[in-house]
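Encoded as structure tokens, the structure appears first; notes follow it.
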Amino acid sequence: MGQQYLFWFAQVHDDFRIPELQSVAEIHGFDLHIPQDLDASRPFCILELDHEEHARLLARRCILIRSVCEFYARGSTYEELHERVRQQRPRWSCYIEDTSFKFIVTAYNHTIPQARQREVVESFSYMDFLGKIDMKSPEIIMTCFEEYPDKHGTTRPKDEGDGEFKEVFFGRLIEEGSARPLVKKFDVKKRLYYGNTSMEAEISLLMANQTLAAPGKLIYDPFIGTGSMAYTTAHFGALVFGSDIDGRQMRGKDKQPGIIRAASQYGVAHCIIDLCTFDVTRNPWRCGELFDAIITDPPYGVRAGAKRLGRKSRQDKEQPPTSPQNIAFRRPDDQPYIPPTKPYELSSLASDLVLLARYMLKPQGRLVFFLPTVTDEYEELDVQSMLCDGMEIVANSLQNFGSWGRRLITIRKATTEHFAPPSFEQLDNVAHIPAHKDFREKYFQGFKKSDVEQISELSDQG
Amino acid sequence: MVRLITHNLLACHAKGCTSNNFPLQLKDVQVELRDAEYNADFLRGFISRIEWPALVDAARQLGDTSLPNEPPEMMDDDFLQKLHHVLLEIHIEEGAMICPNCAHVYPISNGIPNMLLAEHEIG
């Protein structure tokens, strides 16, 4: 029977909390039992762990953990809380005799006035701690959290509703979340090289944790762009390969490629194995089963659409594909040849990515990527239907932007079978049409069916 | 960049070029040596994915003759250190990789190889 621990999460990305805990537990090779009825949308949760060390490991790697406490009690009133804390006496009686301590009283969604903070501390006087109070470096820190309902967007006096909390929690602090400051370290604005579609630091870190990045692992980003996720995965010790159809994104303007400059800033340039310019649908990989994880944010077209080699079909009719001689003839001598590209529709990109991952990943390897989707039309089948034999969903976390959102999908290769490389041919007979199909068009049409029709009517007239 | 580990994993992928398309030949290359972090477990795990003769040839072309013709049965630290250096610390910064079969030229500039295919080379 393990011990109970109280986890306090940052007030963001609640759908990502549990998958991150599970991934970090897997990195360190211990089991984490998540109760079925756990409400991960709340900032506090109580989990049972076999060892205190496990709680520390989670706090040192999970981006979303603010702190972890040894859990003593919870209650909807202080009377209830104190009664339960008294029952737990054997757990804290060892600190009575001679341990320096301090108390912290804090709240979620609220600020407790100092006078009442003192009152609360004094209400624990029955614990009879005899050691000295040390505000700077106490041996133990007892923490009391009050959880208030979200009052966001209302104007009210600062102390209104003080004491009307949903629930109060009490425990002994064992570790502050030390991975959370990485969000500042990887801040895109302070990065030497980034682009207008660079992924924000916090999400890049969450994605890196989903890949189980660790020293000795090899991780691939087939749409590396400006390298946002390469820095965070490399920070956790993994070696990273990157490719992109557009070499300009990886290079930037200086002689030294932009991704290498930014990686040097973070001290991980030696972990960027190589960057290559190619279209992942026409890739030069000699063999499969190379990577421990594939991490990517496919361009889905809001600011930059996905492209693959080839010509748009309409242009085909107007001008036949050029022969090699023509290409050489038309190109000025000082310009490198740039092959034509065509748009890459998101739902085929997503299914191709899963097939590619099955070929390129080692067994138990993970594919971690973002899938944008239309909030009202999304159904679970959208994600299920892009899977193929041997690939299974590990996590699916929503970042909601209102009418649309993006889902961080984690998929595991749960097979040791060998597979052929994918053909990347477009399938015509798809049984299920997912909400993310033609996402770019839907985005610009504001996700409204009626508008879509109006726009197409207007363009017909024009 | 373009370390020999990468060179060992890339084959020509032009349309119809399916045999004798590996290893790509190195041409007019400029090499730089840069330290990388040594990880014996990574090397031991990766060695099964390496095309050994291609790696030995490429290293010798670039003046590194430390690797034996066959991978040894006993992977001691001395050998792994040499393998580490060849795979991860030799960087081709400029030059080109050429397909031995179809002669497609993949140029390398500022350490990034351009593996894009022309329109007539895709299926």
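Reminder, nothing fancy here: chain letters follow the sequence lines and each chain counts from 1.
Taking CG of A/D279 as the start and CE of B/M115 as the end, the distance is 12.5 Å to the nearest 0.5 Å. Atom CG of A/D274 is separated from atom CG of B/L9 by 9.5 Å, given to the nearest 0.5 angstrom.
If you check the side chains of A/R286 and B/N8, you find a donor sitting under 3.5 Å from an acceptor.
Legend: residues meeting salt bridge (Lys or Arg N to Asp or Glu O under 4.0 Å) with A/D352, ordered by chain and number and at least two apart, are absent. A/R366 is linked by a salt bridge (Lys or Arg N to Asp or Glu O under 4.0 Å) to A/E26, counting only residues two or more places apart in sequence or in another chain.
B/E119 places a side-chain heavy atom less than 4.5 Å from the side chain of A/R311. In this structure the side chain of B/D35 never reaches within 4.5 angstrom of the side chain of A/H270, judged on heavy atoms. B/L117 is not listed as a side-chain neighbour of A/F278, based on a closest heavy-atom distance of 4.5 Å or more.
Contacts between residues 51-61 of chain B and chain A, counted as heavy-atom pairs separated by less than 4.5 Å, involve B/E51.
The side-chain hydrogen bond (donor to acceptor under 3.5 Å, both in side chains) contacts involving residues 232-246 of chain A comprise A/Y220-A/S243, A/D246-A/R248, where partners must be two or more places apart or lie in separate chains.
Listed options A/K217, A/M250, A/K255 were ranked by heavy-atom pairs under 4.5 angstrom with chain B; first place goes to A/K255.
Looking at A/Q256, neither its backbone nor its side chain comes within 4.5 Å of chain B, counting heavy atoms on both sides. Both the backbone and the side chain of A/I245 come within less than 4.5 Å of a heavy atom of chain B.
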